[in-house]
Amino acid sequence: MAPPAGNCAAASLHNGDDGTLGGQDDANVVVQGGAVAERTISCLRGRQAAEGVATVLAIATAVPPTEFLQSEYPDFLFRVCNCDAKIALKDKFRRICEKTEIRKRNIFLTEEVLKANPSICFPDAGHSLRDRQEVAAVQVPKLAQEAAVKAIKEWGRPKSDITHVVFGTTCGIHMPGADLQFSKLMGLETTVKRVMMYQIGCNGGAAVVRVAKDLAENNKGARVLVVCSEGTALGFVPPNESKPEELVETALFGDGAACVIVGADPIPKVERSLFELLWAGECFIPETDKAVYGNFTEVGMEFHLTRKVPFLISENIAKLLNQARKIVNNPNWNDMFWAIHGGGPAILKKIETALQLAPHKLAATREVLREYGNVYSGSCLFALDQIRLRSLAMDASTTGESCEYGFLCAFGPGVTIDALLLRSVPTSTNYFGDDKENYTPNAVLP
Ligand SMILES: CC(=O)CC(=O)SCCNC(=O)CCNC(=O)[C@H](O)C(C)(C)COP(=O)(O)OP(=O)(O)OC[C@H]1O[C@@H](n2cnc3c(N)ncnc32)[C@H](O)[C@@H]1OP(=O)(O)O
């Protein structure tokens, strides 16, 4: 148990402003014995932690410049892969594309990029994994940088004040990782503390924020730059009759990066909180290992997806979310806002049915799916960005579309569900301040 403040003074600690011990004090911890040392460590622990819960202080997204209309993608894909003769397969792919509810996706793998890296369309030619990794090594940190520059601008403090980076991607694996390349591109301090989260899958969008929450709440003054940067470079596959599930992936995924800045105890008049992060949790669904999974092979990331996924998620999501909901007196699902992973329309429909959500509740997620596709771990963060922008557009009373509480929720391999309980901020107070007229972050989607 933490000792009262008076006891802390008796332990004669001389902490720095940031709650850490100076050199002489470190010695104190070592030489003091018994109860005094316990008290000292307890005080130290208390002084290192933030006072309030972690909050989201800025959000931004970025996508590659080339847009592919979903209606034109079947012709593009089959042409670049020399598969135009596979008429029945192309018709099936077109049918799947039409069902995705996606209008367009931004994808880095343009015809020019694919021609420069022929082993991506024709993996049997060899060194496909190497070529894909080389594309990812450049694109993943670069897209992350684009989103992070925007987020830091919105945050309003210098990038030298970033203390931690949490980086998530399923696009490639390198050592040192994308977190380091990104930190260098950004010109962050060499002392920035990095956490690299490779291959979490799409639940990574909520998992990175969960890790950032812990960092922010346990390190007074921490400001965590959280990035998910994703792309199709590793998972792109030429059409193949014997692997119909790959057509589904090829029809769904898009490239994109999302960045949030997380910190506790926002500095008044300098930082503005967009959402408080009240609770974070994760669960995996037993015996579902083969429902969604990926393997790195010579031809990139071989991704497997079964038709059970929408069912598995919708059947299990309430159990995890209820753990959080009870903390805030069990609001009705429809009285909450929802930033969830736009995995595919069948998943969203099943969740709506399972939780009896009104049609407009997943509007932000559906808008993101429609305009960007399934951007892997970035999806739920794109949706969170969309929610605060929609709140502004609809003149809502809170950043959560006039609701007080909401969920950031994503799912991926495992099958794993990750979720955070969020509290929105009243738009009348510290969100817009006096700047409402001039507040123009990224435009709200049509
Ligand atoms: C990366 C991560 O970690 C997390 C992720 O996001 S993983 C991706 C999660 N997404 C999914 O699991 C996709 C969920 N599915 C969907 O949204 C929809 O089923 C869909 C858009 C793919 C199709 O829409 P639908 O309304 O179900 O259309 P439906 O007519 O049943 O199917 C269209 C075709 O796709 C095929 N199909 C659908 N799902 C399939 C699957 N999982 N595998 C293989 N084929 C599939 C159907 O057999 C059908 O083929 P035919 O036209 O030849 O009969």
Side-chain angles (χ1 to χ4, degrees), residues 70 73-74 86-103 105 168-172 197-208 228-237 239-256 282 284-285 288-296 300-317 340-353 362 365-366 368-370 372-383 409-419:
Q70 190 77 334
Y73 199 70
K86 298 181 176 182
I87 292 168
L89 193 63
K90 188 169 166 184
D91 283 347
K92 185 181 175 83
F93 183 60
R94 198 182 295 286
R95 283 198 297 280
I96 295 174
C97 282
E98 283 165 3
K99 295 282 176 80
T100 57
E101 299 179 13
I102 294 170
R103 186 182 75 85
R105 292 175 283 164
T169 188
T170 52
C171 189
M197 297 174 69
Y198 272 125
Q199 305 311 330
I200 307 286
C202 298
N203 54 305
V208 288
C228 285
S229 183
E230 297 282 14
T232 44
L234 266 290
F236 180 97
V237 277
N240 182 339
E241 293 87 345
S242 62
K243 296 181 177 173
E245 86 238 44
E246 289 184 349
L247 294 180
V248 174
E249 297 145 31
T250 306
L252 281 174
F253 291 122
D255 298 7
E282 180 182 78
F284 66 88
I285 307 170
T288 60
D289 312 41
K290 296 289 177 194
V292 189
Y293 69 99
N295 283 331
F296 269 99
M301 167 66 88
E302 284 191 333
F303 191 74
H304 302 269
L305 187 66
T306 65
R307 288 166 203 253
K308 285 187 290 183
V309 173
F311 172 79
L312 291 170
I313 293 165
S314 59
E315 284 293 296
N316 288 283
I317 192 168
I340 68 175
H341 170 55
I347 299 176
L348 301 182
K349 277 181 210 142
K350 283 266 182 203
I351 292 175
E352 281 169 340
T353 307
L362 301 189
T365 292
R366 286 185 187 282
V368 170
L369 182 65
R370 190 184 67 224
Y372 302 111
N374 174 339
V375 277
Y376 305 82
S377 63
S379 295
C380 65
L381 299 175
F382 271 65
C409 180
F411 12 86
V415 169
T416 304
I417 306 175
D418 250 287

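Worth saying up front: this structure is predicted, and the values here are computed from it rather than measured. First listed ligand is number 1; within each ligand, the first listed atom is number 1.
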Item to check | Candidate pair Phe236 and Phe253, rule ring-ring contact (aromatic ring centres under 6.0 Å, His included), full reasoning | outcome: CA-CA 9 Å; Phe236 180 97; Phe253 291 122; over 10 Å; no
Checklist entry - Could you walk me through whether Leu348 and Leu369 pass the side chain to side chain contact (heavy atoms under 4.5 Å, CB included) check? => result CA-CA 10 Å; Leu348 301 182; Leu369 182 65; 4.2 Å; yes
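A cation-pi arrangement is present between Arg105 and Tyr73, with the terminal nitrogen or guanidinium carbon under 6.0 Å from the aromatic centre and inside a 45° cone about the axis.
The salt bridge (charged side-chain N to carboxylate O under 4.0 Å, His left out) check on Glu245 picks up nothing, with sequence neighbours excluded. Applying the salt bridge (charged side-chain N to carboxylate O under 4.0 Å, His left out) criterion to Arg366, with sequence neighbours excluded, gives Glu101, Glu352. Residues satisfying the side-chain hydrogen bond (donor to acceptor under 3.5 Å, both in side chains) criterion with Asn203, sequence neighbours excluded, are Asp418.
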Atom pairs and distances, ligand 1 N/O vs protein N/O under 3.5 Å:
residue: ligand 1; atom: 3 (O); partner: Cys202; partner atom: N; Å: 2.8
residue: ligand 1; atom: 6 (O); partner: His341; partner atom: NE2; Å: 2.8
residue: ligand 1; atom: 6 (O); partner: Asn374; partner atom: ND2; Å: 2.9
residue: ligand 1; atom: 10 (N); partner: Gly343; partner atom: O; Å: 3.1
residue: ligand 1; atom: 17 (O); partner: Pro345; partner atom: N; Å: 3.2
residue: ligand 1; atom: 17 (O); partner: Ala346; partner atom: N; Å: 3.0
residue: ligand 1; atom: 30 (O); partner: Lys99; partner atom: NZ; Å: 2.8
residue: ligand 1; atom: 45 (N); partner: Arg307; partner atom: NH2; Å: 3.3
residue: ligand 1; atom: 48 (O); partner: Arg307; partner atom: NH1; Å: 2.9
residue: ligand 1; atom: 48 (O); partner: Arg307; partner atom: NH2; Å: 3.2
residue: ligand 1; atom: 50 (O); partner: Lys92; partner atom: NZ; Å: 3.1
residue: ligand 1; atom: 52 (O); partner: Arg95; partner atom: NE; Å: 2.7
residue: ligand 1; atom: 52 (O); partner: Arg95; partner atom: NH2; Å: 3.4
residue: ligand 1; atom: 53 (O); partner: Lys92; partner atom: NZ; Å: 2.9
residue: ligand 1; atom: 53 (O); partner: Arg95; partner atom: NH2; Å: 2.9

